[in-house]
Novice: 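One structure, pasted below without further comment.
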Amino acid sequence: MTKTTYSSNNPMFAAAGGGSIFDKFQYSSVVKAGGLIFIAGQIGLNPDGSMPDKPEQQFVNAFERLKLVLEEAGGQMSDLVELVSYHVGLSSHLADFMKVKEKYVPAPFPTWTILDIVGLARPGLIIEIKAVAVARD
């Protein structure tokens, strides 16, 4: 089995001090292996690295980041087969998350695991989304 890794060079993934967050924390944004595309967890920061004021913007940002790295690997949102979302304070924002999710995740729907957690890597973050998609090539 071959494995191809991708680490986005998009400026939104820049790390403080240079390079990307993928270089800094030593991981890939996407790995293609066995006919699948594995997408690392994507958070809801604004493209400039700042924290959004509203939860809904974090959801949009996380899905936009997911879409970006998936497309860089040759996939589309319609290729998703699994979605996992990690939420801080799930009960307070699930309805809003669902409204955003339905704009990004088309039918036929992937499997979905939704988890309420205590915290994420940066204080103030309330969402992280990881996914698996079918590779087109």
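Start at 1 with the first residue, then count along the sequence.
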Novice: Please list all pairs passing the side-chain hydrogen bond (donor to acceptor under 3.5 Å, both in side chains) test where one or both residues lie in residues 32-48, with sequence neighbours left out.
Specialist: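 Residue pairs with at least one partner in residues 32-48: Lys32-Asp137, Asn46-Ser50, Asn46-Asn61, Asp48-Ser50.
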Novice: Please give me the minimum heavy-atom distance between Ala14 and Ile21, naming the atom from each residue.
Specialist: O-CG2, 4.1 Å
Novice: Taking side chain to side chain donor-acceptor pair (under 3.5 Å) as the definition, give me every residue that meets it alongside Glu82, ordered by chain and number, with sequence neighbours left out.
Specialist: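 Expected list: none.
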Novice: Please enumerate all residues that pass ring pair (Phe, Tyr, Trp, His ring centres under 6.0 Å) together with Phe109, with sequence neighbours excluded.
Specialist: none
Novice: So which atom in Pro110 and which in Leu80 form the shortest heavy-atom distance, rounded to 0.1 Å?
Specialist: CB-O, 3.6 Å
Novice: Tell me, please, which residues at least two apart from Phe13 pass ring pair (Phe, Tyr, Trp, His ring centres under 6.0 Å).
Specialist: Phe22
Novice: Mind checking side chain to side chain donor-acceptor pair (under 3.5 Å) for Ser20 and listing every partner two or more places apart, or none if nothing turns up?
Specialist: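 Once residues adjacent in sequence are excluded, the partners of Ser20 under the side chain to side chain donor-acceptor pair (under 3.5 Å) criterion are Asp23.
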Novice: Would you say that Leu45 contacts Arg122 through its side chain, given a criterion of any heavy-atom pair below 4.5 Å between the two side chains?
Specialist: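 Counting from C-beta outward, Leu45 and Arg122 do come under 4.5 Å.
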Novice: For the hydrophobic clusters of this structure (ILVMFWY residues joined by side-chain heavy atoms under 4.5 Å, transitively), does one cluster hold both Val81 and Val69?
Specialist: no
Novice: Identify the two heavy atoms, one from Ala73 and one from Val30, that lie closest to each other, and give their separation to 0.1 Å.
Specialist: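 Taking Ala73 first and Val30 second, the nearest heavy atoms are CB-CG1, 3.6 Å.
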Novice: Grab the two heavy atoms, one from Tyr86 and one from Lys130, that are nearest each other, plus how far apart they are.
Specialist: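 Scanning both residues, the minimum pair turns out to be OH-CD, 3.7 Å.
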Novice: Closest heavy-atom contact between Ser78 and Pro106?
Specialist: CA-CG, 3.8 Å
Novice: Is Val132 reachable from Val105 through a run of hydrophobic residues whose side-chain heavy atoms are each under 4.5 Å from the next?
Specialist: no
Novice: Got a second to check how far Ile39's CD1 is from Arg65's CZ, nearest 0.5 Å?
Specialist: 15.0 Å
Novice: To the nearest 0.5 Å, what is the distance between CG on Leu90 and CD1 on Ile114?
Specialist: 4.5 Å
Novice: Is the shortest side-chain heavy-atom distance between Lys99 and Glu56 below 4.5 Å?
Specialist: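 Not touching, per the 4.5 Å side-chain cut-off.
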Novice: Answer yes or no: is there a donor N or O on one side and an acceptor on the other, between the side chain of Ser29 and the main chain of Ser8, under 3.5 Å?
Specialist: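 Checked: pair present.
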Novice: Per the ring-ring contact (aromatic ring centres under 6.0 Å, His included) rule, what does the pair list look like for residues 47-69, sequence neighbours excluded?
Specialist: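 Qualifying pairs, neighbours excluded: Phe59-His93, Phe59-Phe97, Phe63-Phe97, Phe63-Tyr104.
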Novice: Do you reckon Ile127 sits in the same ILVMFWY cluster as Leu125, going by side-chain contacts under 4.5 Å, direct or chained?
Specialist: yes
Novice: Kindly determine whether Ile117 and Val88 satisfy side chain to side chain contact (heavy atoms under 4.5 Å, CB included), including the steps that lead there.
Specialist: CA-CA 5 Å; Ile117 61 172; Val88 176; 4.0 Å; yes
Novice: For the residue pair Val100 and Lys103, establish whether any side-chain heavy-atom pair is separated by less than 4.5 Å.
Specialist: no
Novice: His87 and Asp116: which non-hydrogen atoms are nearest, and at how many Å?
Specialist: O-OD1, 3.0 Å
Novice: Could you walk me through whether Lys101 and Leu83 satisfy the side chain to side chain contact (heavy atoms under 4.5 Å, CB included) test, starting with their C-alpha distance in whole Å, then the side-chain angles of each, then the deciding distance to 0.1 Å, before giving a yes or no?
Specialist: CA-CA 10 Å; Lys101 178 181 169 282; Leu83 192 68; 3.8 Å; yes
Novice: Is the backbone N or O of Ile126 less than 3.5 Å from a side-chain atom of Gln58, with the two atoms forming a donor-acceptor pair by type?
Specialist: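 Looks like yes, one N/O pair under 3.5 Å.
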Novice: What's the separation between atom CG in Leu115 and atom OG1 in Thr113, rounded to the nearest 0.5 Å?
Specialist: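 Rounded to the nearest 0.5 Å, the CG-OG1 separation comes to 6.5 Å.
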Novice: Taking the side chain as every heavy atom from C-beta outward, state whether Glu128 and Val84 have any pair of such atoms under 4.5 Å apart.
Specialist: no
Novice: With Glu64 as reference, evaluate Leu68, Leu66, Val60 under the side-chain contact (heavy atoms from CB on, under 4.5 Å) test and give the passing residue.
Specialist: Val60
Novice: When rounded to the nearest 0.5 angstrom, what is the spacing between CD1 in Ile129 and NZ in Lys67?
Specialist: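 If I round to the nearest 0.5 Å, the distance is 13.5 Å.
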